[in-house]
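One structure is given below, encoded as C-alpha cells.
Numbering of residues begins at 1 and proceeds along the displayed sequence.
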Amino acid sequence: MPSSPVITGAKFGDTLTVDVTPTAAQTKVALYYETTSGSAISPLTANDFAYGYPAMTADQQAKALPDTKTNPATFNVSNYFDDYDLGGNNNAQFINQFRSATNAYTAAPGQLTDPTTGRTTGLSKTGFFGQPLNNGTQRYFYVFDGAATKANNADQQTKGATVKVVMQRFVTTLQLPAQQSNANANTDYIAK
C-alpha cells in the first residue's frame, strides 16, 4: 500500500490523509441562586448582577474548569467545585479562580445578611454585588456555595457539560464599589 505523500511534497492530484483528533466541547457553567442554604434554586441572568456576569481571563477559566485535551472524557464535579469548607483548596479549582473574577468583592464578617433568617455572616465572604432593593438602601450579594453546587449536579459529568453553579443570595447595605474592568476577561465560561 503506497504511503500518502507528505504535505511539503504534495502536488495537484495527490491524495492526502489527515488524522483529525476531535476535542471535547468546553465545560461551561450556568449560574443559579438560592435564597437560603438548601432552598430551591433559580437561574441568575447577567442583569441580576450589578455589572453583568463575573468575567474571568482565559487563564482563570482554564484553571477553573476541566481541560478538554486529556482523557478521560469525564470529570467529577467534586474535583472542581468544592468550596473551602468542604474539601480545602485541592478540590476548589473553580472558586479559587472565581474569587479573582472582575468585580469580585470580599465582604467582612457581619456585612452580609441572610434574607430569610436575618442572621449576619460570621466570616468574610467573597462574591458579587447584585441589583438594589428597598429603594436602593440595600443590594443583593451572591456568594458561591460548593455544597449546593454539588447537590444540584450529578457528580460524574462529561467534559463539555454545563454545570449548575449555585450561589447563595445575601442582602447588604454596602455601597456598590466602582466597576472594575480587565480587557483580557470575558464570560465565555458561562452557558448562555
query = Measuring from Thr149:OG1 to Asp82:CG, what's the distance to the nearest 0.5 Å?
reply = 10.0 Å
request  = Answer yes if Leu112 and Tyr33 sit in the same cluster of Ile, Leu, Val, Met, Phe, Trp and Tyr residues linked by side chain heavy atoms under 4.5 Å apart, and no otherwise.
outcome  = no
Shared hydrophobic cluster, Leu133 / Met167 (ILVMFWY, side-chain heavy atoms < 4.5 Å) = yes
request  = Starting from Ile41, walk the hydrophobic network (Ile, Leu, Val, Met, Phe, Trp, Tyr; side-chain heavy atoms closer than 4.5 Å) and list everyone else you reach, by chain and number.
outcome  = Tyr32, Val166
Hphob cluster co-occupancy, Met56 + Ile190, side-chain heavy atoms under 4.5 angstrom = yes
ask   = Quick one: CD on Glu34 to CG on Asp145, what's the gap to the nearest 0.5 Å?
value = 5.0 Å
query = For Lys159 and Pro72, which heavy atoms make the closest approach, and how far apart are they?
reply = NZ-O, 3.0 Å
task = Apply ring-ring contact (aromatic ring centres under 6.0 Å, His included) to Tyr140 and list each qualifying residue two or more places apart in sequence or on a separate chain.
result = none
request  = List in chain and number order the residues that pass side chain to side chain contact (heavy atoms under 4.5 Å, CB included) with Asn134, two or more places apart in sequence or in another chain; answer none if no residue qualifies.
outcome  = Thr137, Gln138
request  = Give, for atom CG of Asn91 and atom NZ of Lys150, the distance between the pair rounded to the nearest 0.5 Å.
outcome  = 7.5 Å
key: Flag, side chain of Gln26 to backbone of Tyr189, donor-acceptor distance under 3.5 Å   = no
key: Full working for side chain to side chain contact (heavy atoms under 4.5 Å, CB included) between Val29 and Leu65   = CA-CA 9 Å; Val29 303; Leu65 300 168; 4.0 Å; yes
key: Test side chain to side chain donor-acceptor pair (under 3.5 Å) applied to Ser78 - qualifying residues, sequence neighbours left out   = Asp155
inquiry  = With side chain to side chain contact (heavy atoms under 4.5 Å, CB included) as the criterion, how do Lys63 and Asn96 come out once you've worked through the C-alpha distance, each side chain's angles and the decisive distance to 0.1 Å?
reply    = CA-CA 9 Å; Lys63 290 176 181 174; Asn96 276 329; over 6 Å; no
note = All heavy atoms of Pro115 vs all of Val171, minimum pair found to be CB-CG2, 3.8 Å
task = Please report the shortest heavy-atom distance between Ala191 and Lys28, naming the atom on each side.
result = N-CB, 3.9 Å
query = Listed by chain and number, what are the side chain to side chain contact (heavy atoms under 4.5 Å, CB included) partners of Thr113, not counting sequence neighbours?
reply = Thr120
task = Heavy atoms only: give me the nearest Arg139-Gly130 pair and the separation to one decimal.
result = NH1-O, 2.7 Å
key: Least distance between heavy atoms, Asp83 atom then Gly146 atom   = OD2-N, 2.9 Å
message = Could you see if Leu44 belongs to whatever hydrophobic cluster contains Val163? Use Ile, Leu, Val, Met, Phe, Trp, Tyr and a side-chain cutoff under 4.5 Å.
response = yes
ask   = Taking only residues two or more places apart in sequence, or in another chain, which ones meet Phe141 in a ring-ring contact (aromatic ring centres under 6.0 Å, His included)?
value = Phe129
query = Between the side chain of Thr27 and the main-chain N/O of Gly160, is any donor-acceptor distance below 3.5 Å?
reply = yes
ask   = Checking Thr57 side chain against Gln60 main chain: does a donor-acceptor pair fall under 3.5 Å?
value = yes
query = Among all residues two or more places apart in sequence or in another chain, which pass the ring-ring contact (aromatic ring centres under 6.0 Å, His included) test with Phe170?
reply = none
query = Who pairs with Thr187 by side chain to side chain donor-acceptor pair (under 3.5 Å), at least two apart in sequence or on another chain?
reply = Lys192
key: ring-ring contact (aromatic ring centres under 6.0 Å, His included) against Phe75, all qualifying residues, sequence neighbours excluded   = Tyr80
inquiry  = Show the nearest heavy-atom pair for residues Ala107 and Leu174, with the distance to one decimal.
reply    = CB-CD1, 4.1 Å
Side chain to side chain donor-acceptor pair (under 3.5 Å) partners of Gln156, counting only residues at least two apart = Thr74
request  = Check the hydrophobic clustering (I, L, V, M, F, W, Y; side-chain heavy atoms under 4.5 Å; chains of links allowed) and say if Phe81 and Leu31 are grouped together.
outcome  = yes
query = Under the side chain to side chain contact (heavy atoms under 4.5 Å, CB included) test, which residues partner Tyr51, sequence neighbours left out?
reply = Asn103, Leu176, Gln179
remark   = Applying salt bridge (Lys or Arg N to Asp or Glu O under 4.0 Å) to Asp67 and not counting sequence neighbours gives none
task = Show the numbers, then the answer: is there a side chain to side chain contact (heavy atoms under 4.5 Å, CB included) between Asp114 and Gln168?
result = CA-CA 9 Å; Asp114 184 314; Gln168 187 168 358; 3.5 Å; yes
ask   = Under 30°, 30 to 60°, or over 60°: which ring-plane class applies to Phe128 and Phe98, parallel, tilted or perpendicular?
value = tilted
